[in-house]
Enquirer: 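My questions all concern the structure below.
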Amino acid sequence: MSDETPICSAKSCRVDAVWVLAWNNPKLHTPERRKTWLACEEHREHLSQFLGVRGFLKDVVLLTEWESPEAP
């Protein structure tokens with residue numbers, strides 16, 4: 001596990017991430033697969049809308065509550 005603080009996935013943003021946006025592209029990924037973007041408070045809505053309009057957004061969870069599906 002890395003000691004680095006996760007940062008927002010928005011372009012040019014270097015703010016600490018607060019949210020996990022779980023998504024998948026059904027044309028490329030199996031239904032259970034989840035890719036993730038991280039978001040700060042300011043960019044959560046923008047990134048969610050970007051994924052949502054495309055039908056990719058599956059869930060938005062606080063980073064402190066996120067458990068990766070791959071976790072044992």
Side-chain angles (χ1 to χ4, degrees):
M1 178 144 183
S2 174
D3 291 332
E4 293 182 31
T5 302
I7 59 168
C8 181
S9 298
K11 186 176 182 178
S12 301
C13 185
R14 298 291 149 292
V15 176
D16 291 354
V18 178
W19 297 96
V20 175
L21 285 66
W23 63 277
N24 83 6
N25 179 339
K27 292 182 180 179
L28 302 175
H29 307 121
T30 58
E32 64 279 350
R33 173 105 188 258
R34 292 294 180 267
K35 305 278 285 175
T36 57
W37 281 357
L38 302 176
C40 64
E41 197 63 54
E42 179 182 351
H43 291 113
R44 180 187 61 84
E45 187 63 31
H46 171 74
L47 293 172
S48 294
Q49 286 179 358
F50 180 89
L51 293 168
V53 165
R54 290 157 179 80
F56 294 175
L57 186 62
K58 302 300 178 192
D59 204 3
V60 179
V61 181
L62 282 168
L63 181 61
T64 57
E65 297 176 7
W66 174 253
E67 292 184 24
S68 174
E70 293 83 35

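The chain is numbered in sequence order, starting from 1.
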Enquirer: Please report the interatomic distance NZ(Lys11) to NE2(His46), rounded to the nearest 0.5 Å.
Expert: 10.5 Å
Enquirer: Got a second to check how far His43's NE2 is from Cys13's SG, nearest 0.5 Å?
Expert: 5.0 Å
Enquirer: Where does the angle between the aromatic ring planes of Phe56 and Trp23 fall among parallel (under 30°), tilted (30 to 60°) and perpendicular (over 60°)?
Expert: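 Phe56 vs Trp23 ring planes: parallel.
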Enquirer: Among all residues two or more places apart in sequence or in another chain, which pass the side chain to side chain donor-acceptor pair (under 3.5 Å) test with Thr64?
Expert: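 Per chain and number, Thr64 pairs via side chain to side chain donor-acceptor pair (under 3.5 Å) with no residue.
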Enquirer: How far does NE2 of His29 sit from NZ of Lys35, to the nearest 0.5 angstrom?
Expert: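 One gets 5.0 Å once the value is rounded to the nearest 0.5 Å.
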Enquirer: Nearest heavy-atom pair of Asn24 and Pro31: which atoms, and what distance?
Expert: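 Nearest pair, atom of Asn24 first, then Pro31: ND2-O, 3.3 Å.
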Enquirer: Restricting to side-chain contact (heavy atoms from CB on, under 4.5 Å), what partner residues turn up for Asp59, sequence neighbours left out?
Expert: Ala22, Val61
Enquirer: Residues two or more places apart in sequence or in another chain: which of them pass side-chain contact (heavy atoms from CB on, under 4.5 Å) with Val60?
Expert: Trp19, Leu21, Arg44, Ser48, Leu57
Enquirer: Can you name the residues that form a side chain to side chain donor-acceptor pair (under 3.5 Å) with Glu42, not counting sequence neighbours?
Expert: none
Enquirer: Could I get the full list of side-chain contact (heavy atoms from CB on, under 4.5 Å) partners for Leu63, not counting sequence neighbours?
Expert: Pro6, Ala17, Val20, Leu38
Enquirer: Indicate if Val18 and Phe50 have the same hydrophobic cluster label, given that clusters are the connected sets of ILVMFWY residues with side-chain heavy-atom separations under 4.5 angstrom.
Expert: yes
Enquirer: Taking side-chain contact (heavy atoms from CB on, under 4.5 Å) as the test, write out the residues that go with Thr30, two or more places apart.
Expert: Glu32, Arg33
